[in-house]
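All values derive from a computational prediction rather than experimental measurement.
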Amino acid sequence: MSKPLSFTSKVFNVERLDFGSQSEQVVKGGRNLFSLLPKAFAGIKQIGVIGWGSQGPAQAQNLRDSLAGTDIKVKVGLRAGSASAKAAEQAGFTQANGTLGDQYDVVKESDLVLLLISDAAQAENFKRYLELMRPGTTLGLSHGFLLGHMKNVGAKFPANINVVAVCPKGMGPSVRRLYVQGKEVNGAGINASFAVEQDIDGRATDIALGWSVALGSPYTFQTTLESEYKSDIYGERGILLGAVHGVIESLYRRFVSQGMTRENAFLNSAESITGPISKTISKQGIIAVYEGLDATGKAEFEKAYTATYPAAREVMEEIYDEVSSGNEIRGVVLAGERLKHRPMGKIDGTETWKVGAEVRKKRTEAKIPVHPFTAGVYIATMMAQIDVLYAHEHPGSEIANESVIECTDSLNPYMHARGVSYMIDNCSTTARLGARRWAPRFDYTITQQAYVDLDENRALDQKLVPAFKAHAIHPVLAACAKLRPTVDIFVE
């Protein structure tokens, strides 16, 4: 277990919640707290949102709406000639009203600079951004990637600025959609973690908390910037994106080889995971999927779980090592130059995803089964990810959010509505690159090891199932379930 973090706030009420054997401090959000935002942002006259990618549109609009009626301006900064300028203008950020400008000008004039451009662009241009920031201002990040890159190259943040992070546990469209949906229920957005990397004047914590509350976060948890980038980059290569793509490919082919029709193979693999399995985990926890099966289903689940967990754990440990060593970050930086000349290709062209597009058109939600073998493979992979994070002493709330809640409450609903590839390709470049690298590894390793062990009746580690049933993550998820958004995300 990790050593509990601690923080205090001069503006917001800090609560302590029990997460199984640990407790953590949190700040509960809500629109009733918007009146406190000027106090949290004391001394800040302009918030500059740099970039209009996944997080930029959501955060700029949420902040603007939450700060309506105050004298704090939210201004979007884009590079010269940006193709995103039109979209920003359609959202109400225009040069005419003083809320849209050149990115470097916005950095220079803003008191709080939210750097929400792509990770590769941050790595390429961070020195210039930092040089332009005035002493006493605050840099805000929604991902710790830049810290990881700066560690790789031996750089440090200027000593005369605050550095904070607010990291929503979902992609930008989810952050905006739940904020809008939550207008009638005093909030409802995506939970977020926050971190203070550098505090030069005692204001950094309240600035970060104000930012999170303004985004509509129902609850804000504490982490560190290093812990966040390790768990985030690791998680998206794992169960959030890469693993689910690879797991579904492997299950689909296995089911077809066993005689299922192509439509039923997709129904019992992808549809089962992104539909009823995810919904059950979201509302009742991982263990509820297992407990909801009959005796035959439990036996099938246990067989799949015990065969898959060792194979998935092998890949998960390698991913964590690659992230923590800086190799994954180096890979993203190197890819930035390649992508200027050769964009990423599609990952929805195999039979699995072509069949899936047709299945979704004819979907009847009530007829999607919880396939016990699929549940065993998917949950074993999820648990392997969780155990690696526990082994590296990440906070319980961070483990739950990066391994479970972000899946079921943000990403998987989009996968269910529009396809796994759609979801991956509407995330950051870092996430897309990671999914493309690691999805085939999960597919290959589970197919070559887990399924072969089953088909050849090899001895499996029977201690894995009791360990799953008694796992520490279950009370953590039960606590987190009380903190979930008050409305379910709706995806058209």
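- The two residues I207 and F41 come nearest to each other via the heavy atoms O-CE2, 3.4 Å.
- A salt bridge does not link E322 with R237: every distance from a Lys NZ or Arg NE/NH1/NH2 to an Asp or Glu carboxylate oxygen is 4.0 Å or more.
- The salt bridge (Lys or Arg N to Asp or Glu O under 4.0 Å) contacts involving residues 133-145 comprise D111-R134, where partners must be two or more places apart or lie in separate chains.
- For the residue pair N401 and S397, no side-chain donor N or O sits within less than 3.5 Å of a side-chain acceptor on the partner.
- Here S82 pairs with L78, R79, S84 under the side chain to side chain contact (heavy atoms under 4.5 Å, CB included) rule; sequence neighbours left out.
- Looking at L215 and Y179, their side chains never come closer than 4.5 Å, going by heavy atoms from C-beta outward.
- Taking the side chain as every heavy atom from C-beta outward, L132 and R128 approach each other to under 4.5 Å.
- No option in W438, W353, F442 other than W353 meets the ring-ring contact (aromatic ring centres under 6.0 Å, His included) test with H245.
- Under a 3.5 Å cut-off, the side chain of T308 and the backbone N or O of V377 do not form any donor-acceptor pair.
- In this structure, the side chains of T429 and M344 come closer than 4.5 Å at one or more pairs of heavy atoms.
- Salt bridge status for E358 with R262: absent, with no side-chain N to carboxylate O gap under 4.0 Å.
- Note that CG of L477 and CD1 of I405 are 6.0 Å apart. Values are rounded to the nearest 0.5 Å.
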Can I get a per-line list of side-chain donor-acceptor pairs under 3.5 Å for residues 47-54, giving both atom names and the distance, sequence neighbours left out?
unit_1: S54; atom_1: OG; unit_2: G172; atom_2: N; d: 3.2

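- Residues E228 and S193 have side chains that never bring a donor and an acceptor to within less than 3.5 angstrom of each other.
- Note that the CG atom of L147 and the OG atom of S227 stand 11.5 Å from one another [nearest 0.5 Å].
- With sequence neighbours left out, Q95 forms a side chain to side chain donor-acceptor pair (under 3.5 Å) with no residue at all.
- Looking at residues two or more places apart in sequence or on another chain, you find a side chain to side chain contact (heavy atoms under 4.5 Å, CB included) between S118 and A120, A121.
- Remark: R64 is positioned above the aromatic ring of F93, its terminal NZ or CZ atom under 6.0 angstrom from the ring centre and at most 45 degrees off the axis.
- Put simply, the side chain of Q198 never gets that close to the backbone of L139: no donor and acceptor are under 3.5 Å apart.
- A side-chain donor-acceptor contact under 3.5 Å links E398 and T223.
- Classification of the F145-H149 ring pair by plane angle, with boundaries at 30° and 60°, yields parallel.
- Between the SG atom in C407 and the CE atom in M382 there is a gap of 4.5 Å [rounded to 0.5 Å].
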Fill in: Steps toward ring pair (Phe, Tyr, Trp, His ring centres under 6.0 Å) verdict (Y390, H471)
CA-CA 11 Å; Y390 268 117; H471 203 282; 5.7 Å; yes

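- Scanning both residues, M415 and L241, for their nearest heavy atoms gives CE-CD2, 3.8 Å.
- For Q449, the side chain to side chain contact (heavy atoms under 4.5 Å, CB included) partners two or more places apart in sequence, or in a different chain, are A311, E314, T445.
- Under the 4.5 Å side-chain criterion, counting only non-hydrogen atoms from C-beta, E406 is in contact with L411.
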Practice prompt. Take F194 and F7, measure what ring pair (Phe, Tyr, Trp, His ring centres under 6.0 Å) needs, and give me the verdict at the end.
Written response: CA-CA 11 Å; F194 88 97; F7 68 95; 5.0 Å; yes

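- Shortest non-hydrogen contact noted between A435 and P440 is O-CD, 4.1 Å.
- A heavy-atom distance below 4.5 Å is found between the side chains of Q122 and D119.
- Annotation: side chain of I248 is not in contact with side chain of Y378 (no heavy-atom distance under 4.5 Å).
- The shortest heavy-atom contact between G148 and I329 is CA-CD1, 3.6 Å.
- The ring-ring contact (aromatic ring centres under 6.0 Å, His included) pairs that include a residue from residues 150-170 number zero, where partners must be two or more places apart or lie in different chains.
- Looking at heavy atoms from C-beta onward, N125 lies out of side-chain contact with Q103 at the 4.5 angstrom threshold.
- Under the 3.5 Å distance criterion, with hydrogens and angles disregarded, a donor-acceptor pair is assigned to the side chains of E351 and Y252.
- In terms of the salt bridge (Lys or Arg N to Asp or Glu O under 4.0 Å) criterion, D387 has no residue partners (sequence neighbours excluded).
- Considering only residues two or more places apart in sequence or on other chains, S212 meets the side chain to side chain donor-acceptor pair (under 3.5 Å) condition with S217, T220.
- For the pair L251 and F373, the minimum side-chain heavy-atom distance is below 4.5 Å.
- Salt bridge status for E109 with K73: absent, with no side-chain N to carboxylate O gap under 4.0 Å.
- Closest of all the heavy-atom pairs between V74 and A60 is CG1-O, 3.8 Å.
- Residues Y229 and V323 share a closest heavy-atom pair of O-CG1, 4.3 Å.
- Scanning for ring pair (Phe, Tyr, Trp, His ring centres under 6.0 Å) contacts around H416 gives an empty result, with sequence neighbours left out.
- Checked by atom type, the side-chain pair Y234/E328 shows no donor-acceptor distance below 3.5 Å.
- Taking the side chain to side chain contact (heavy atoms under 4.5 Å, CB included) definition, one finds that D199 meets it with N162, V196, D201, A204, sequence neighbours left out.
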Worksheet item: Passes side-chain hydrogen bond (donor to acceptor under 3.5 Å, both in side chains), S110 versus Q46? Steps please.
Response: CA-CA 5 Å; S110 295; Q46 179 169 298; 2.9 Å; yes

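- For the pair D348 and R418, the salt-bridge criterion is not met [side-chain N within less than 4.0 Å of a carboxylate O].
- The number of heavy atoms from other shown groups lying within 6.0 Å of CZ (R342) does not exceed 12.
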Item to complete: Show the numbers, then the answer: is there a ring pair (Phe, Tyr, Trp, His ring centres under 6.0 Å) between Y320 and H394?
Response: CA-CA 12 Å; Y320 195 92; H394 286 260; 5.8 Å; yes

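- With sequence neighbours left out, the salt bridge (Lys or Arg N to Asp or Glu O under 4.0 Å) criterion links D105 to K108.
- For the 3.5 Å distance criterion, the side chains of Y414 and R177 qualify, holding a donor opposite an acceptor.
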